[in-house]
2 protein chains.
Amino acid sequence: MVKNPAKSQLMFDALYTYIENKSSMKLSDDERKLVEESFKPKKLRKRQYFLQEGDVCKYMGFVIKGSSRMFSVDQRGNEHVIRLGLENWWIGDYESYKLLTPARFNIEVLEDTELLLVTNEQMQQLMDRIPAVAAMVKAMDERGAIATQQRMHAAISLTAEERYENLAKTYPMFLQRFPQNVIASYLGISAETLSRIRKNAYQK
Amino acid sequence: MVKNPAKSQLMFDALYTYIENKSSMKLSDDERKLVEESFKPKKLRKRQYFLQEGDVCKYMGFVIKGSSRMFSVDQRGNEHVIRLGLENWWIGDYESYKLLTPARFNIEVLEDTELLLVTNEQMQQLMDRIPAVAAMVKAMDERGAIATQQRMHAAISLTAEERYENLAKTYPMFLQRFPQNVIASYLGISAETLSRIRKNAYQK
DNA sequence: ATCTAATCTTGACATTTATCAAGACTACAA
DNA sequence: TTGTAGTCTTGATAAATGTCAAGATTAGAT
């Protein structure tokens, strides 16, 4: 199934490194093998969808390369970006993945993207069998909880301009990698308002 | 130290029930004893602070009885409610608790409140020794991640009126237990705007 | 029961942000 | 290189929400 074993190996190396870093533990060769057997490589071309609203999100994807946005579409047809994804991040609708409910969100990749996919059951097995994976998931959950609390705080407490400055400080790479209309949606403002905020900031 | 053993026992019963429900596991008598030795009962009177900005949040508190709000104060002196707490919820600044950094938030109880306190280290030990506690924490983390994603979505995607209706559906008890100015702050709007939204909704 | 402080409502007005429309700029495919 | 679609900027205007101030209502304390 894997067309290019050499390249695929590089993809897994990125995942091993990630697990070892997040867990502060080493993976044995056997454990690496287990991981490799559980994750499925997947490529998506620019503009393709990783997930469509209404489908069940069967997989979480570990991003080897590429960028993506998770968004909802409201009644008026406006899109709202909930999350952005880059290399070494996970993408997926967590609620749908965990509960196997229809996803509320769409996930579209914005550049050609390489992923490693894993189901919830596979992940549970890996956590049971590999301490480093269990530790990684725990560390991720903690970081995730902290990050969302911070973002919640920003969303409620800050003005649009402050939210932009906050983003520029916290995730400067976002401004490099994502077009402005996507950033605007992530901040919960219109593209025009962001354009004006940037103009103001520049003049200061 | 405990002034009223009989009453204190009732407090722990609430916690045991909570752990058993969340984990879908039973606690043995020995395990209950371990839990009881780790948690410290605490009472706060209306308006007292559980945590003040700048202090380290040494404890997470499991709420037996009472209500609380976690909020930040911005440069202009405006308060922003990040989280609300009721019976059978946990309160605390998770970031400060985990990383032992100064808290960004204040937590004030709005009614006379009874809590059970636990430090991060104690919690880690309990998780290591009691499978039900480990399972409870995992279940809580998952629920928490899902709930925050939903709230994030609401904050970014919905209008003020839609956010209020969403809250009324999701947490109707909030509207019973918290004054409107607190609810308004939780929704990220002014008390006046919430008052007008309610007037509108009533007229429909 | 009365007083006081807190909460809630309402109106007038200010500010922020969205919306719509047009044109400028950019990137990429043919 | 040119054309085309996507992106970004700018202006005019509309809509949503905030701010301030005053009065009404409610809850608690004495």
Side-chain angles (χ1 to χ4, degrees), chain A residues 45-48 67 69 71-81 84 108-112 154-168 174-204, chain B residues 45-48 66-69 71 73-81 84 108-113 154-168 174-204:
Chain A
R45 303 200 36 223
K46 188 175 178 167
R47 307 268 159 141
Q48 278 188 305
S67 58
R69 66 181 181 123
F71 65 99
S72 65
V73 181
D74 68 22
Q75 294 122 339
R76 284 146 273 172
N78 293 327
E79 297 180 356
H80 303 277
V81 173
L84 296 173
E108 181 198 24
V109 307
L110 300 171
E111 303 170 344
D112 291 355
I156 291 180
S157 311
L158 306 182
T159 64
E161 181 161 357
E162 288 166 340
R163 292 205 296 282
Y164 175 71
E165 279 157 16
N166 181 250
L167 181 69
F174 280 8
L175 306 186
Q176 311 303 320
R177 294 286 292 278
F178 295 98
Q180 262 177 232
N181 54 14
V182 171
I183 297 286
S185 180
Y186 182 78
L187 292 171
I189 60 182
S190 70
E192 293 93 333
T193 296
L194 179 55
S195 175
R196 291 180 179 117
I197 284 171
R198 284 166 52 93
K199 192 179 164 192
N200 268 342
Y202 179 73
Q203 285 171 349
K204 281 182 190 164
Chain B
R45 303 203 32 226
K46 190 173 177 170
R47 307 267 159 139
Q48 278 189 305
S67 60
S68 58
R69 65 182 181 124
F71 65 99
V73 181
D74 67 24
Q75 296 123 337
R76 284 146 273 168
N78 294 326
E79 298 180 355
H80 304 277
V81 173
L84 296 173
E108 180 197 25
V109 306
L110 301 172
E111 305 170 344
D112 291 355
T113 292
I156 291 180
S157 310
L158 305 183
T159 64
E161 182 162 355
E162 289 166 339
R163 292 205 295 283
Y164 175 71
E165 279 158 15
N166 181 249
L167 180 69
F174 281 8
L175 305 186
Q176 310 303 321
R177 293 288 292 277
F178 296 97
Q180 263 177 232
N181 55 12
V182 170
I183 296 287
S185 179
Y186 182 79
L187 293 171
I189 60 181
S190 70
E192 292 93 334
T193 296
L194 179 55
S195 176
R196 290 178 181 120
I197 285 170
R198 284 166 53 92
K199 192 178 163 193
N200 268 343
Y202 180 73
Q203 286 172 349
K204 281 180 190 167

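Each chain gets a letter, A, B and so on, in the order the sequences are listed, and its residues count up from 1.
Salt-bridge annotation for B:Glu161 and B:Lys199: absent, with no side-chain N of the basic residue lying under 4.0 Å from a carboxylate O of the acidic one. A salt bridge links B:Glu162 to A:Arg76: at least one charged side-chain nitrogen sits closer than 4.0 Å to a carboxylate oxygen.
In this structure, CZ of A:Arg196 is placed 10 Å from P of C:dA18, rounded to the nearest angstrom. Between A:Leu158 atom CG and D:dT17 atom P the separation is 18 Å, expressed in whole Å. Regarding B:Lys199, its NZ atom lies at a distance of 16 Å from the P atom of C:dC8, rounded to whole Å. Taking atom CD of residue A:Glu108 and atom P of nucleotide D:dG6, one finds them 11 Å apart after rounding to whole Å. Separating the CD atom of B:Glu161 from the P atom of D:dG18 is a distance of 13 Å, rounded to the nearest angstrom. Atom CG of B:Leu194 and atom P of C:dT9 are 8 Å apart (whole Å). A:Lys46 places its NZ atom 9 Å from the C1' atom of D:dG6, with the value rounded to the nearest Å. The nearest whole Å value for the distance from the CD1 atom in A:Ile156 to the C1' atom in D:dT17 is 16 Å.
Test B:Ile197, B:Thr193, B:Thr159 against B:Tyr164 for side-chain contact (heavy atoms from CB on, under 4.5 Å) and you get one pass: B:Ile197.
Here the nucleotide nearest the side chain of B:Asn181, chosen from C:dC8, D:dG11, D:dT19, is C:dC8. Which of C:dT7, C:dT9, D:dT10 sits closest to the side chain of B:Ser195 comes down to C:dT9. Nearest nucleotide to the side chain of B:Thr193, out of D:dT19, D:dT17, C:dA18: D:dT17.
Between B:Gln180 and the phosphate of C:dT9, there is a side-chain N or O to OP1/OP2 separation shorter than 4.0 Å.
A 4.5 Å side-chain heavy-atom check between B:Val73 and B:Asn78 finds every atom pair outside the cut-off.
Position along DNA chain D of the nearest nucleotide to B:Gly188 versus A:Glu192 favours A:Glu192 as the more 5'-ward residue.
Side chain of B:Ser185 to backbone of B:Ile183: no donor-acceptor contact under 3.5 angstrom is found.
Residue contacts shown for A:Ala160 are limited to sugar-phosphate atoms, with no base heavy atom under 4.0 Å away. Note on A:Arg76: nothing from the nucleic acid sits closer than 4.0 angstrom, heavy atoms only.
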